[in-house]
Structure formats: structure tokens, C-alpha cells
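What follows is one structure encoded as C-alpha cells, with my remarks underneath.
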Amino acid sequence: MVQKIQLEHHYDYILSSDVSEDLAHFKTIFDNCIDIKFREFVIHGARKGALVFLSGLVNIQTIDFEIMKPLVESDERLFQDSGSGFNDDSMKHLIENRLLFSSQLSWFDEFSDVVEHILSGNVAFLIDGLKQVLIINAKHWDKRAVDEPATEAVIRGPREGFQETISTNISLIRRRLKTPQLKMEDMIAGRLSNTQIVITYLDGIVDKKLVDEVKKRIGKIKIDAILESGYVEELIEDNSFSLFPQVLITERPDRVVGNLLEGKVGIIIDNTPFVIIVPGTFFQLLQSPEDYYQRYFIASAIRMLRFFAVLFSLLLPSLYIALTTYHQEMIPTMLLISIAASRETVPFPAFIEALVMEIAFESLREAGVRLPRPVGQAVSIVGGLVIGQAAVEAGIVSSPLVIVVSMTGIASFIFPSFQLGLAFRLLRFPMMVAAATFGLYGILMMLLLLLIHMLRLHSFGVPYLTPMAPLRISGLKDVIIRANWPKQSSHAEELKSQRYHNPFKRLRQRQNR
Amino acid sequence: MEIISRHQLLTISIIYQIGTTIIFGFAAGAGRDSWLAVLISTFFGTAVVWIYTRITHFNPGLTYIECYPAQFGKVLGTPIAWMHPLLFLYISGRIVADIKNLVPTTILPGTPPWVILLFFMLVISYGLYSGIEVMGKLTEIILPIILLIYLLEVILIFSSGVVHFDNLAPLLDKGWGRIWEVVWPLGIIQSFGESLALALVWTSMNERKSVGRTMIISSLFAGVFISFTDALAVSVFGEEIFKRATYPMYALIQAISVSDFITQLDATGVIYFCFMAFLKTYIYLFATIRSLQKLTYSKSSRIYIFPVVIIALFLGLTMAPNVVEHIAVVQKVIPYNPIYLSLMFVFPILLFVVSWIRNKISTATS
Amino acid sequence: MRDYIWPWQSNVMLKHPWALPILFLILSVILSFVTWSRSKHAPQGQGQEQQQQPHDMQQEQREGNSQESMDTSENEELKTML
């Protein structure tokens with residue numbers, strides 16, 4: 001772990017107007033960094049200058065043709081004007097306007113800023129006689145093509161997903177909201193990684209207090225490096241110990257834009273395609289953007305199916321265990337006979353059976369993630385079918401249980417948010433234990449425990465189970481079914497009225513209509 | 001301090017007042033006229049509940065417990081106030097004993113009762129720790145589910161073909177005597193006098209003025225609900241069985257048998273009951289810890305959660321060795337017990353009168 | 001005699017129904033002394049139930065506003081290059 005003292009030591013350097021001195025400082029800092037390049041030059045035999053850049057992050061063409069070429073081919077007379085009377089401003093003016101071809105330039109006089117810009121992929125231009133350093137944007141590196149998001153595929157809808165480069169991600173959002181109201185503010189977090197974080201929101205719809213709260217929480221992050229949005233998520237969440245995610249994570253720009261229109265705030269983090277949206281409530285995590293692209297009835301039906309899937313993925317194995325162990329009389333007689341017949345050969349009680357199958361299923365699923373794509377599909381299918389069938393024939397598990405476990409697995413794939421799916425997958429196990437020890441009573445108590453826990457959660461001031469918990473009938477329209485476009489309530493206004501102490505505000509835009 | 005909305009208070013009190021009558025039946029002693037007895041009890045009970053709400057209205061800002069020392073003076077009022085948490089603790093012990101007698105005998109025969117109750121108390125502690133606001137939201141979500149399940153149950157009962165409405169007639173052939181026997185005092189104590197515990201929740205509500213109206217709506221609704229269930233039970237079983245059954249409503253669920261497919265749904269009835277009992281116990285224990293907090297001027301009620309829960313568990317475990325004695329206490333002892341009568345009727349009426357007079361004087365002089 | 005220790009039990013309540021009320025009376029008088037001794041901890045005004053609002057967010061945001069303006073001034077220079 002790098003100690004703080006070592007890091008800040010470098011930044012004691014001060015820029016001077018002597019290029020050789022500055023270059024010596026840079027070379028000391030970037031000692032043993034072979035990818036930092038220094039290009040020293042002399043302009044028309046009179047002035048010394050140098051370029052410092054990171055070769056992997058800059059566009060060599062830009063340096064060659066837009067910086068070095070005009071410098072070398074420049075008119076001699078430019079630099080001989082009034083000799084000693086050449087002050088800083090006229091020099092700067094000369095360089096910016098008559099020499100370089102770049103579209104983004106900026107002058108900096110802090111050593112640490114220059115270092116950070118070099119590390120971000122910009123070119124530092126030092127010139128003798130000038131204390132300040134010019135930073136030229138020449139960023140270029142290999143990046144992934146904009147492709148369909150791996151974790152959130154839809155049937156109907158755009159197939160663009162976020163990338164690891166933050167400028168690409170921002171442009172993907174910009175294209176969908178061509179309004180100056182879309183604001184992007186940036187922050188830096190992570191002591192060693194200096195990761196750029198961009199906060200985006202729609203001015204006029206979002207609640208300003210929410211934006212301030214987000215900025216405050218991100219500002220409080222004290223960590224060495226931010227490698228993925230998961231770090232940020234954990235550090236800004238209300239309750240990071242809970243199983244339930246309190247923010248929304250997505251790879252799709254259309255989903256981000258949809259949420260921005262509802263008055264939420266998006267947090268884009270460099271080097272990861274996953275964007276965080278706050279605040280996230282439970283029912284939002286169950287929504288898929290495809291709901292809005294499909295037809296009204298179909299979308300509503302699918303939404304209701306999703307609700308049942310939630311219940312199934314949590315309760316089905318537990319109900320099976322509870323009913324077969326404690327309450328056999330509740331099962332209709334014919335079904336009971338067939339279940340009993342198939343369980344005849346099984347040596348284990350229902351709980352152990354179910355536990356073994358569930359663990360096997362989870363292991364298969366986890367293994368399927370690591371395998372390369374073509375192989376992974378085959379193995380999952382083969383694993384599921386063959387192992388299940390073989391287990392039944394060997395008499396280790398009973399076939400009704402295989403059906404139960406596979407239905408549970410299918411139900412857990414329906415979650416649009418894989419984080420929430422993970423939470424419910426995990427919750428199945430304590431539920432099974434409770435069912436095995438206390439039957440239906442155990443299931444009831446566990447459900448109550450779970451509900452109480454979910455009701456305690458807040459996400460940036462909004463209760464987690466809104467709009468069901470503080471019951472807002474107008475909000476329910478969008479939860480159970482998907483309301484028709486004309487009938488949808490204004491989400492932004494609703495989100496505001498859901499926060500504790502925020503009075504209902506009329507938006508300027510809407511009044512204009 | 002947590003805040004609950006009017007709707008949340010409504011759902012809490014509906015579930016609370018329907019409460020354990022789901023299994024035990026209400027006014028069973030009146031036989032086939034029990035539904036009428038229930039309606040009459042509702043009428044008087046709602047008036048009693050209204051008196052409780054008026055007391056808190058006349059003493060703005062104070063919880064019900066604090067009204068006693070405030071109006072009767074510290075020397076007389078404080079002991080009376082202290083009797084309330086003790087009473088609430090005792091009643092919650094009774095409910096715990098109810099579960100102890102019901103669950104092991106019906107759905108979990110092999111499990112030792114103390115484990116069942118321990119789990120129960122654990123969930124209650126978590127609820128107490130989370131505060132009344134969370135409970136309000138919980139009941140908001142679950143009340144529609146409960147009503148839906150009840151509707152389903154009624155439909156299933158009707159489809160089982162066991163309902164015989166002629167069991168309800170002839171009406172009042174045994175006279176009004178046994179109706180009055182049941183209405184006073186047991187009928188009014190049972191769901192309405194017990195709403196006293198809800199009084200400690202009222203100060204958490206955000207709109208003080210609608211407490212009275214909300215409670216009246218809830219009491220009337222609960223009363224009609226119970227009356228309907230009673231009528232249904234009598235029409236299925238007939239008078240004699242209804243009077244003698246230990247768990248009349250539970251027997252109702254046992255009677256469901258639709259085309260030989262949906263039968264023996266006893267466990268659902270027990271689960272239904274467990275949830276009602278959960279909420280009732282929660283409200284009693286919440287009332288207890290809040291009274292304790294107020295009476296000892298503590299900053300937060302959380303430190304009392306652990307001891308109160310342990311005491312309630314202990315009371316419940318040791319209270320009744322079998323269900324017959326337990327129910328005998330309800331029918332024979334409680335109606336004449338001076339604690340119930342004084343705390344639920346005598347003292348509130350006195351308090352009401354005193355608060356009203358003082359309120360009149362202060363508004364007249366100001 | 002031993003019954004009097006367990007006055008809440010159903011058998012005791014059936015045989016000596018007055019045992020529980022007496023217990024309550026004794027306990028409440030004893031506990032009133034507790035209240036009396038803790039009365040110095042009493043809050044100033046008793047009618048404080050209704051005024052509390054979830055005030056943490058408001059306070060936090062007032063503090064957060066002043067801090068946030070400091071942060072943005074530091075970040076201004078670094079913001080430019082994309």
C-alpha cells in the first residue's frame with residue numbers, strides 16, 4: 001500500500017520558465033515509466049521546447065501533424081518579433097492562434113495538474129520563457145466497439161450499450177436528450193486511480209437536493225482506487241449491508257435516459273460500462289425498458305408475470321419442503337400420491353434433497369458464467385438435463401423436485417436486474433431452512449422478517465418499497481401494469497412528493513404548455 | 001419520532017381489531033344470535049373507542065399514558081398510568097399463550113412450543129426495533145392480501161355446499177338475555193376495550209384531527225366483518241357446535257372441501273391467525289415500551305425491547321397448561337376482573353369528563 | 001400459598017381471581033417511585049410529539065452545500081479535457 005507521504009512528495013515541484021529544469025523534474029517523477037515520452041525540440045534555433053506525453057494514450061498523428069509539423073514549418077519571423085519585448089501573453093496568443101492546430105487547448109501553472117493531464121492522455125507542451133504549460137487534447141486509445149450490452153438484452157429496443165470510455169458513454173446519453181437541460185458535472189475520486197466520475201441529470205426535473213446529496217456522498221469517498229461502479233455503489237448506498245441493492249445499475253443508455261426523465265440522477269464512472277442510477281426503489285429494479293417499447297397489454301401481462309416470478313423464485317422450493325414435510329394434507333390427494341410414490345426411493349428428507357439440488361443448480365450457473373461462450377451454453381444444458389435425469393434415476397432426488405428447482409431457476413432469470421436476482425437467489429436458502437424447521441409458519445415468519453427489512457430501507461430519502469409502502473395509488477399504475485402513455489402520471493412530480501420534506505413543486509416547463 | 005399516515009393507522013387498527021377473533025370467535029355464548037350480539041357490541045364499543053380518542057384530543061401532544069398524571073395529578077395519576085403497561089404485558093402474554101396452544105396442536109406437532117414462540121418473539125423484536133412507521137407500511141401492504149384471502153375463503157366455503165342459512169333462524173328465540181350477557185362486558189372488552197393499546201400509537205399520526213374518524217371507521221368495519229364471520233360460522237355448524245367449539249373459526253376452514261380437490265386447508269387458517277396475533281402482540285408490546293419510555297422519561301424506547309419481550313415470552317409460556325383452562329379464564333374471570341373494567345371503562349370515563357371540563361374552562365377563559 | 005407467586009397463570013386466576021389486581025396495584029405503586037425518581041430527566045415541554053420531522057436530511061444538506069462549493073472550485077481546472 002503506497003503511503004501518502006511518498007505520493008505528495010512529487011507535487012512539491014513548481015513550474016519554472018526553464019524547460020530543461022522542468023523536464024528534469026518530469027523525468028524524476030516518471031522514472032522507470034517507459035511509456036512516457038519526451039520530445040525536445042528547438043524552434044528555429046532560438047527557443048527550446050518539449051512535449052511530454054504517454055505514448056499509449058495519445059494519437060501519434062495528432063502530435064506529428066498538428067503539433068510538430070506547424071512548429072517546424074512555422075515562419076521564422078514569428079519568433080523574432082520585438083525580441084526581448086515578447087511577454088507571456090503575446091507568446092501564448094501566438095502559440096494558440098498561429099501555430100497549433102488543436103481544437104482543445106488550455107494553460108495550466110500547477111505542476112500536479114500537468115502531471116494528471118499527462119496521465120489522462122493529453123500532451124504537455126513546454127516552452128522556454130513561459131512559466132505555464134499548454135495542455136493539448138490528443139487522446140486516442142483502443143476501445144471496444146459499441147455493442148449490445150451483455151447483461152441486458154432486449155427483443156425490441158436499441159442495441160447500444162455503454163463502453164469503458166467515459167466520453168463515449170456521455171455521447172450516447174447526449175444523443176438521446178438533445179437539450180441543454182441535460183447537465184453533466186464531473187468529479188474525481190480514488191487517490192491512486194483518479195477516476196473521473198460524471199454526474200448527469202436533467203435540470204428542471206430533478207430535485208436539486210438529490211443532486212447535492214449525491215455529490216456530497218461521492219465527495220466523501222476515500223479509497224485508493226475505483227475499479228468498477230460496484231465500489232462507488234457500496235460507498236454511497238444508504239445501507240450497504242443489506243442484500244437488496246438500493247441503486248439501479250444498467251448498461252443501456254436508453255434505460256439511463258428514461259430514468260433521467262423521471263427525475264433521477266445518473267452516475268457514470270470511467271473504465272466501466274455500468275452506470276449507476278439513484279435513487280433506486282424495489283419496483284424500479286423490476287422494470288425493464290422493454291416494457292415501454294412493447295404494446296400496452298403485452299407489457300402489462302409481462303409485468304404481472306414478473307411479479308409471480310419474484311414470488312416463485314423465493315417461495316417455490318420452500319413451499320415444496322413445507323408442504324411435503326409438515327402439511328401433507330393440504331396437497332390434493334392425487335398429487336400427493338404421485339409425489340409420495342416418486343419419493344419412495346429417495347433416502348433423504350425433502351429439505352436435504354432440495355438443498356442438494358439447489359446448490360448443484362447454483363454451481364452450474366456460476367460455472368456457466370466463467371466458461372467461454374460457445375461452450376458455456378452447451379454445458380449448462382447438458383449439465384441441467386443429464387445431471388437432473390441421472391440424479392432422478394439414481395434415486396437421489398425425486399422428479400417433482402427437479403421440476404420445482406428448474407421452475408425456480410427459470411423464474412429467477414426473469415429479473416431484469418441481475419443484482420436483485422442475486423439477492424433473491426440467496427434468500428431462497430434461509431427460506432428453505434425456515435420451511436424445513438417450522439413449515440408454513442416458518443415461511444410466514446421469514447416473509448415478515450424480509451418485509452420488515454425491506455420496509456426499513458431507504459434510497460437517498462425515498463422509501464424502498466414506494467409506491468406500495470407509503471401507499472400512493474397514482475404511482476401504482478406503473479407498478480403492477482404499465483399504464484397507457486396518456487394516463488401515466490408525471491414520475492418526476494411523484495418522486496418529489498415521495499421524499500419526506502419536499503413540497504410539491506410545479507415545473508416551469510409543464511406550465512408553459 | 002416516526003410518523004404514520006391516516007391510511008396506515010386505518011389498516012393497523014382494522015387488523016388489530018379483527019385480531020384473534022378470527023380463530024376464537026366472538027360472542028360465541030349467544031349461539032345463533034351471536035351476529036346480532038356482535039353488532040350491538042360494535043355500537044357500544046365504537047362509542048368507547050371514541051371516548052379514548054377524545055381524551056387524546058383534549059390533551060394535545062400528550063400520549064394517552066401521560067394524560068393520567070396530567071389530569072389527576074402525579075400522586076394519583078402515575079400509579080394508574082403504570083397499570084397500563086402491566087396490563088398490556090399481561091394481554092400480550094395471553095396472545096403468546098394462544099399461539100402456544102394453537103400452533104403445536106394443529107400444524108407443528110413435533111416442534112417444542114418454546115422454539116416456535118422464540119422465533120415469533122424474534123420477529124416481533126425486529127419489528128419493535130424498526131419502529132411503528134415500518135409496521136404501518138407493513139399493514140398497508142398486507143391488509144389487502146388478508147382481505148383477499150378471506151374473500152377466497154368465503155367463496156370456498158360457499159362452494160363446499162356446507163352453508164345452511166336456516167341455522168340462523170329463528171332469531172332471538174332465547175330472548176335478549178343471553179345477548180346482553182355476552183355484550184357486557186366481554187363483547188366490548190374484546191376488541192374495543194383492547195383498542196386502548198392503540199391509543200399510544202395515535203400520537204404518531206400526522207393528522208391529529210382525523211384520529212377519531214379513522215378509529216370509528218375501523219371499529220365499524222371490524223365489527224361488521226366479525227359479525228359476518230360469526231353468521232357464517234353459525235350457518236355452517238348450527239348453534240350448539242358453535243357455542244361449544246374451542247376454535248370455531250378454525251373449524252370453518254376445516255369444513256372447506258371443494259370437489260375433493262381443495263381440502264384440509266387448516267394450515268392456512270392457522271397462518272392467518274398467526275399474522276393477526278403477530279400484529280396484536282406487536283401493538284401491545286409497542287404500547288408497553290412506549291409507556292415505559294414515557295413513564296421513565298427515557299430518550300428512546302429501544303432499551304426496553306429486550307426485557308419486555310422476554311417477560312412477555314415468559315408469561316405466555318407459563319400461563320396456561322392447556323387451552324381449556326385458558327379459555328375458561330377468558331369467559332369466567334376476565335369480565336369481572338377489576339383491572340380490565342377499571343382501566344378500560346371507569347378510568348377513561350373519569351379522565352374524559354375531567355379533561356372535557358378542564359378543556360371547557362381553558363377555552364372559556366382564553 | 002405458592003400460587004400467589006404466579007398470579008397470571010390460569011389456574012390461579014380461576015381460584016383466586018383477585019391475586020392479579022393486587023399484584024398490579026403493588027407493582028404500579030412501586031414503579032411510580034421509579035417515575036418520581038427519574039422526573040429530573042423529564043424533558044422541558046411535554047407536547048413534543050408532533051413537531052419532530054426527519055430533520056437529518058435537512059441539516060445534512062445545509063452542511064453539504066457549503067462543502068460542495070469548495071469541491072467544485074478545486075475541480076474546475078481539471079474539468080476541461082475530455
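Computed from heavy atoms alone, side chains included, the values below leave out hydrogens, waters and symmetry copies. Chain letters run A, B, ... following the sequence lines, proteins first, then strands; residues in each count from 1.
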Only counting residues at least two apart or in another chain, list the ones meeting side-chain hydrogen bond (donor to acceptor under 3.5 Å, both in side chains) with B:Arg302. none

Heavy-atom proximity to chain B below 4.5 Å, by part of C:Leu20: both

With a sphere of 6.0 Å drawn around CH2 of C:Trp18, does it hold more than 12 non-hydrogen atoms of other residues, nucleotides or ligands? yes

So does B:Ile80 get a backbone contact from the side chain of C:Ser28, meaning a donor-acceptor N/O pair under 3.5 Å? no

Between B:Leu295 and C:Leu31, is any pair of side-chain heavy atoms under 4.5 Å apart? no

Please name all residues satisfying ring-ring contact (aromatic ring centres under 6.0 Å, His included) with B:Phe345, sequence neighbours left out, ordered by chain then number. B:Trp184

Where do C:Arg38 and B:Tyr297 come nearest, in terms of heavy atoms and distance? O-CD1, 3.2 Å

Point-to-point distance, once rounded to the nearest 0.5 Å, from CG of C:Leu27 to CE of B:Met83: 10.5 Å

Partners meeting side-chain contact (heavy atoms from CB on, under 4.5 Å) with C:Ser32 (sequence neighbours left out): B:Thr78, B:Pro79, B:Trp82

Residues from residues 85-105 of chain B approaching chain C under 4.5 Å (heavy atoms): B:Leu86, B:Leu87, B:Tyr90

